[in-house]
2 protein chains.
Amino acid sequence: MIAIPLPGQPVRGSKSGEPIMAVFDLLGRTWAMGILWTLNKHGPSTFRGLQELCGSVSPTVLNKRLKELREAGLVERSENGYRATAMGEELYSMLVPLGAWSQKWAEVIGQK
Amino acid sequence: MIAIPLPGQPVRGSKSGEPIMAVFDLLGRTWAMGILWTLNKHGPSTFRGLQELCGSVSPTVLNKRLKELREAGLVERSENGYRATAMGEELYSMLVPLGAWSQKWAEVIGQK
DNA sequence: CCTCTTGCTACATTATACGTAGCAATGCCT
DNA sequence: AGGCATTGCTACGTATAATGTAGCAAGAGG
């Protein structure tokens with residue numbers, strides 16, 4: 001198994017070690033952005049809570065993603081379950097514009 | 001093979017059909033963001049040119065991603081090779097802040 | 001002790017990604 | 001026309017990742 005993507009190391013998808021490529025690797029795994037999105041939108045959640053909020057995520061993948069996100073310092077465990085760290089919230093805030101963009105994109109694609 | 005992720009349909013990672021989930025699926029595949037990033041940073045590139053710029057992408061994956069990105073209306077073919085569409089550039093502009101964030105993240109992680 | 005919830009792990013199946021090889025088409029150049 | 005280089009892929013075998021169902025160990029509450 002390839003390691004959890006961290007800056008300064010070759011990652012799945014790129015061998016340059018550029019931080020942005022580590023981010024792309026980290027986020028470019030099933031449910032990674034979805035989990036970050038959900039955690040920030042709904043606040044802290046338990047493992048099972050996240051499973052329900054995400055709807056169709058298998059516990060295997062959820063567990064892997066949570067481990068990776070925790071190791072990357074974006075998610076941590078609290079008394080209320082998993083929650084985003086300050087870094088995680090910052091990253092989330094950069095994903096937020098994607099939400100609005102995706103609506104627009106949906107319209108454009110739909111018109112084809 | 002699951003279809004190319006489009007809004008309004010269940011996608012890999014989510015069955016809700018929300019556009020944002022389609023975006024997460026589309027971008028959450030190896031090299032998808034990397035290609036978008038490279039195309040916008042270096043301008044239009046040929047297939048082989050992209051292969052070199054990306055460094056370690058296999059033609060199989062590059063071809064798949066390009067097909068998906070074209071179908072999603074983010075990339076198109078021009079006389080100078082592949083290039084980002086207006087929509088693609090817009091999406092790219094939302095990824096740009098990630099570049100700066102990733103530098104900061106690299107420092108924080110590195111200090112551990 | 002029994003039951004419920006939580007946070008996982010096991011395992012078998014399917015889907016993706018990787019990497020090397022190479023082919024068909026086009027554009028030179030002689 | 002013949003030969004060579006470049007481009008945009010496709011084939012194919014292997015390796016890695018994701019899915020989905022089942023279920024177990026630990027803790028809380030009665």
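Lettering follows sequence order; numbering is per chain, from 1. The structure displayed is predicted, hence computed values, not measured ones.
- The phosphate of C:dT5 (OP1 or OP2) has no side-chain N or O of A:Thr46 nearer than 4.0 angstrom.
- Atom CG in B:Leu66 sits roughly 11 Å away from atom P in D:dT10 (whole-Å rounding).
- With hydrogens and angles ignored, no donor-acceptor pair under 3.5 angstrom links the side chain of A:Thr30 to the base of D:dA17.
- B:Arg29 has no side-chain polar atom (N or O) that falls below the 4.0 Å cut-off from OP1 or OP2 of D:dA17.
- A sub-4.0 Å separation between OP1 or OP2 of D:dC9 and a side-chain N or O of B:Arg48 is absent.
- The distance from atom CG of B:Leu53 to atom C1' of D:dG8 is 16 Å, rounded to the nearest whole Å.
- The B:Trp31 side chain lies nearest to C:dC18 when the options are D:dG20, C:dC18, C:dC8.
- Look at CD on A:Gln51: it is 14 Å from P on C:dT5, rounded to the nearest Å.
- Summarising the geometry, the separation between CZ on A:Arg65 and C1' on C:dC8 is reported as 16 Å, rounded to the nearest angstrom.
- If you check every strand for non-hydrogen atoms under 4.0 Å, B:Val61 touches sugar and phosphate atoms only.
- For the pair A:Arg77 and C:dC8, the criterion of a side-chain N or O lying under 4.0 Å from OP1 or OP2 is met.
- Between A:Thr60 and A:Gly81, the residue anchored closer to the 5' end of DNA chain C is A:Gly81, taking for each the nucleotide with the nearest heavy atom.
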